[in-house]
Amino acid sequence: MQDIRKALYVGSRSDGTLIERPMSPHVQVYRYRLSMVLSISNRITGVIATAGAALGVFWLGAAAKGPKSFATARKVTGNPLGQLVLVGWLASVVYHTVGGIRHLIWDAGYRYDKEELNKDGPVAVGVTAGVSTVLAAALLAVAGCRRSKRAKAGKVS
């Protein structure tokens, strides 16, 4: 059986003479590397961040419609599944930002060697996990404080 990396493509030059060109390697040729997975993840998180922004506009629209619509939006974002979606959105925005910064550094011509790429990948994952955890904990703590203040205000009156 012929090795797929040695497969050739027959094409032609502009003057009509035939030439053999190497075919693009298929996914089976590549080993999955962390930098490859992180690059694909950066694109996926961009889509998720955009979808989350659309949900944010929906939430703002509910706030603009009035108290009844906003109460419905708060019920959705206040239940555990809604909060999980919000934390996922937060993590995707943070990762997409970190990935975007990595890409800007690469576009400037820095840290593009294989060794540096392999070192920066785990750092990007760690920064994303750390920042996402801190932000999510802070937002959930603020939400809990507000919920307890509303509960106390409701009991007093």
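Worth saying up front: this structure is predicted, and the values here are computed from it rather than measured.
Taking all atoms of both residues into account, the shortest heavy-atom contact from Q83 to T77 is CG-O, 3.2 Å. Closest approach of S92 to I48, counting heavy atoms only: OG-CG2, 3.3 Å. The minimum heavy-atom distance linking T128 with A91 is given by the pair CG2-O, 4.1 Å.
Within the model, atoms CG of L139 and CG of L86 stand 9.0 Å from one another, a figure rounded to the nearest 0.5 Å. Note that CZ of R74 and CZ of R146 are 9.0 Å apart. Values are rounded to the nearest 0.5 Å. Summarising the geometry, atom OH belonging to Y110 is positioned 13.0 Å from atom CG belonging to L104; distances are rounded to the nearest 0.5 Å.
Put simply, the side chain of D15 gets close to the backbone of T17: a donor and an acceptor are under 3.5 Å apart. T45 places a side-chain N or O within donor-acceptor distance of the main-chain N or O of N42, the cut-off being under 3.5 Å. Distance alone, capped at 3.5 Å, is enough to place a donor-acceptor pair between the T50 side chain and the G46 backbone. When atom types are taken as modelled, the side chain of N79 and the backbone of G82 share a donor-acceptor pair closer than 3.5 angstrom. The closest donor-acceptor contact from the side chain of S39 to the backbone of M36 lies at 3.5 Å or more, if one exists at all.
Side-chain contact between R102 and L38 is present, with at least one heavy-atom pair separated by less than 4.5 Å.
In this structure, L84 is not a member of the same hydrophobic cluster as L90, with clusters built from ILVMFWY side-chain heavy atoms closer than 4.5 Å. Criterion: ILVMFWY side-chain heavy atoms under 4.5 Å apart, direct or through other members. Under it, Y95 and V87 are not part of a common hydrophobic cluster. Tracing side-chain contacts under 4.5 Å through hydrophobic residues (I, L, V, M, F, W, Y), one never reaches V125 starting from V127; they form parts of separate clusters. Cluster membership for V123 and V98, using ILVMFWY side-chain heavy atoms within less than 4.5 angstrom, is shared.
Screening residues 69-92 for ring-ring contact (aromatic ring centres under 6.0 Å, His included), with sequence neighbours left out, gives W59-F70.
Judged as a side chain to side chain contact (heavy atoms under 4.5 Å, CB included), and not counting sequence neighbours, T133 has no contacts. The side-chain hydrogen bond (donor to acceptor under 3.5 Å, both in side chains) search around R13 returns none, not counting sequence neighbours.
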